[in-house]
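Just so you know, these numbers come straight off a predicted model, no measurement behind them. FYI, side chains are in, hydrogens and waters are out, and symmetry mates aren't considered; it's all heavy atoms of this structure.
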Amino acid sequence: MKLGDSMRRRRKGSGRSRAARSSGPAGPEAPSGGDAASTGADAGAGAPRGAESAGDSGGGGRFARMLPLAALLVFGGGGIGYLFATTVLFPAADAPTDLAGVPDLSGLTLGAAPARLQGSGLALAEVDSVHHPTVAAGSILGQSPLPGQLAIPGDSVSVMVSRGPQERPVPDVMRIRADRALGVLEASGFQVDIDTVDAMTPRGSVVAVIPEAGELAPVPSEVQLVISRGPPMVLVPLLVGRTEMEARVALDSAGLVPGTVLERFRFGLDDGTVIQQEPAAGAELEQGGSVDLVVGRSRGRESDDGTARTPGPSRF
């Protein structure tokens with residue numbers, strides 16, 4: 001066979017193959033050698049990607065399985081290091097065996113505290129003081145360390161001592177109204193107890209302060225403020241029909257005094273008899289109040305002008 005014939009036959013075969021591919025297969029045909037090779041190449045190219053994915057999956061699983069082991073190594077190593085540091089490098093000091101309980105000093109005097117502390121091997125240190133409204137001066141109010149705490153013999157205990165209640169002079173409130181007196185006493189730190197009495201002073205005025213003004217009293221403490229209710233009320237006695245002398249005696253017994261006395265003529269009446277009074281009998285007056293009288297006189301003794309007279313001190 002000649003070389004030229006062989007090359008022509010190859011070209012013809014290649015032309016028929018291209019024509020068949022362009023016209024499309026009428027049915028299933030076996031792939032040509034070139035196509036089979038291409039398919040195989042594609043399959044071969046896809047195979048490494050699947051294998052690579054499988055390899056990635058296997059690596060992630062191994063990492064997850066290694067996490068607990070790594071955590072155990074980290075924390076276990078830290079714990080071992082801590083134990084080594086606290087037991088070998090920096091061991092804790094031995095607890096003292098001679099500790100003593102701090103005694104309770106509350107209520108003791110400052111002079112008795114050192115003897116109580118000496119029994120526990122302790123000493124009295126800093127002493128401070130403060131006013132206290134109920135604890136007597138010189139008594140211990142508190143301490144540091146507190147009672148029952150442990151201390152090493154030779155340690156000291158600080159105490160707080162009472163200076164007793166604070167004292168202030170009672171203010172002078174006798175010259176002011178009762179409401180203002182109450183405010184002054186309370187502002188001074190006193191507790192005020194109010195009492196009222198009948199008195200000849202005007203209603204609402206201060207009658208007394210107990211303790212008296214200027215006297216020292218503890219703060220807080222109670223101060224009694226006595227306030228006037230005014231003079232007591234008394235009933236006016238019946239004076240009509242009595243002689244002027246009898247009327248004066250009756251008024252004095254009731255705590256009243258004669259007021260204006262007017263003389264008038266009344267025929268047939270005994271000379272000097274009370275014929276009218278103001279206020280009338282049975283009315284209420286403050287003790288010390290006055291009652292006006294009208295006294296009958298005979299013609300010979302009637303006042304020329306009929307004016308009233310105001311009597312001086314009683315003659316009876």
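When side chains are defined from C-beta on, Met160 does not count as touching Ile140, because their heavy atoms never get closer than 4.5 Å. Using a 4.5 Å heavy-atom cutoff, the side chains of Leu251 and Val257 are not in contact. When side chains are defined from C-beta on, Glu246 does not count as touching Val274, because their heavy atoms never get closer than 4.5 Å. Side-chain contact check for Val291 versus Pro279: some heavy-atom pair is nearer than 4.5 Å. Looking only at side-chain heavy atoms (C-beta outward), Val102 and Val157 come within less than 4.5 Å of each other.
Under a 3.5 Å cut-off, the side chain of Ser162 and the backbone N or O of Gly164 do form a donor-acceptor pair. Between the side chain of Asp292 and the backbone N or O of Thr260 there is at least one donor-acceptor pair closer than 3.5 Å. Asp252 places no side-chain N or O within donor-acceptor distance of the main-chain N or O of Val249, the cut-off being under 3.5 Å. Arg203 contributes no side-chain N or O that, together with a main-chain N or O of Ala199, makes up a donor-acceptor pair within less than 3.5 Å.
A pairwise comparison of heavy atoms in Ser290 and Leu285 identifies O-CD1, 3.6 Å as the closest pair. Heavy-atom minimum distance, Leu124 versus Leu110: CD2-CD1, 4.1 Å. When all heavy atoms of Leu293 and Ala247 are compared, the pair lying nearest together is CD1-CB, 4.2 Å. In terms of heavy-atom proximity, Pro103 sits nearest to Leu117 at CG-CD2, 3.8 Å. The heavy-atom pair separating Gln277 from Leu239 by the smallest distance is OE1-N, 2.6 Å. The two residues Gln143 and Ser106 have their closest heavy-atom pair at OE1-N, 4.0 Å.
Between Arg242 atom CZ and Arg248 atom CZ the span is 14.0 Å, to the nearest 0.5 Å. Within the model, atoms OG of Ser144 and CD of Gln149 stand 7.5 Å from one another, a figure rounded to the nearest 0.5 Å. With rounding to the nearest 0.5 Å, the separation of OG in Ser120 from CG in Leu99 is 12.0 Å. With values rounded to the nearest 0.5 angstrom, Asp104 atom CG is found 7.5 Å from Arg116 atom CZ.
In terms of hydrophobic clustering, with Ile, Leu, Val, Met, Phe, Trp and Tyr side chains grouped at heavy-atom distances under 4.5 Å, Met174 and Ile210 are assigned to different clusters. Linking Ile, Leu, Val, Met, Phe, Trp and Tyr whenever their side-chain heavy atoms come within less than 4.5 Å leaves Val207 and Val192 in two separate clusters. Phe190 and Ile194 end up in the same hydrophobic cluster when Ile, Leu, Val, Met, Phe, Trp and Tyr side chains are linked at under 4.5 Å. One hydrophobic cluster holds both Leu185 and Leu182 under the rule that ILVMFWY side chains link at heavy-atom gaps under 4.5 Å. Under a hydrophobic-cluster definition in which Ile, Leu, Val, Met, Phe, Trp and Tyr are linked whenever side-chain heavy atoms come within less than 4.5 Å, directly or via other members, Val135 and Val130 are assigned to the same cluster.
Legend: residues meeting side chain to side chain contact (heavy atoms under 4.5 Å, CB included) with Ser156, ordered by chain and number and at least two apart, are Ala125.
With respect to the salt-bridge test (charged N to carboxylate O, under 4.0 angstrom), the residues Glu244 and Arg297 qualify.
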### Query
What's the verdict on side-chain contact (heavy atoms from CB on, under 4.5 Å) for Val184 and Ile176, showing C-alpha distance, side-chain angles and the deciding distance?
CA-CA 10 Å; Val184 170; Ile176 60 178; 4.3 Å; yes

### Message
If you apply the rule side-chain contact (heavy atoms from CB on, under 4.5 Å), what do you find for Leu262 with Arg264, and how did you get there?
### Response
CA-CA 7 Å; Leu262 179 64; Arg264 288 183 184 173; 3.3 Å; yes

### Task
List the steps, then state whether side-chain contact (heavy atoms from CB on, under 4.5 Å) holds for Val161 with Val127.
CA-CA 7 Å; Val161 180; Val127 178; 3.7 Å; yes

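Sequence neighbours left out, the pairs with a member in residues 177-190 that pass side chain to side chain donor-acceptor pair (under 3.5 Å) are Arg177-Asp179.
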Throw together a table of side-chain donor-acceptor distances under 3.5 angstrom for residues 217-237, partners on residues two or more places apart or in other chains.
unit_1, atom_1, unit_2, atom_2, d
Ser221, OG, Pro218, O, 2.4
Ser228, OG, Thr201, O, 3.1
Ser228, OG, Thr201, OG1, 3.2
Ser228, OG, Pro202, O, 3.4
Ser228, OG, Gly230, N, 2.9
Arg229, NE, Asp198, OD1, 3.1
Arg229, NH1, Thr196, O, 2.9
Arg229, NH1, Thr196, OG1, 3.0
Arg229, NH2, Asp198, OD1, 3.2
Arg229, NH2, Asp198, OD2, 3.4

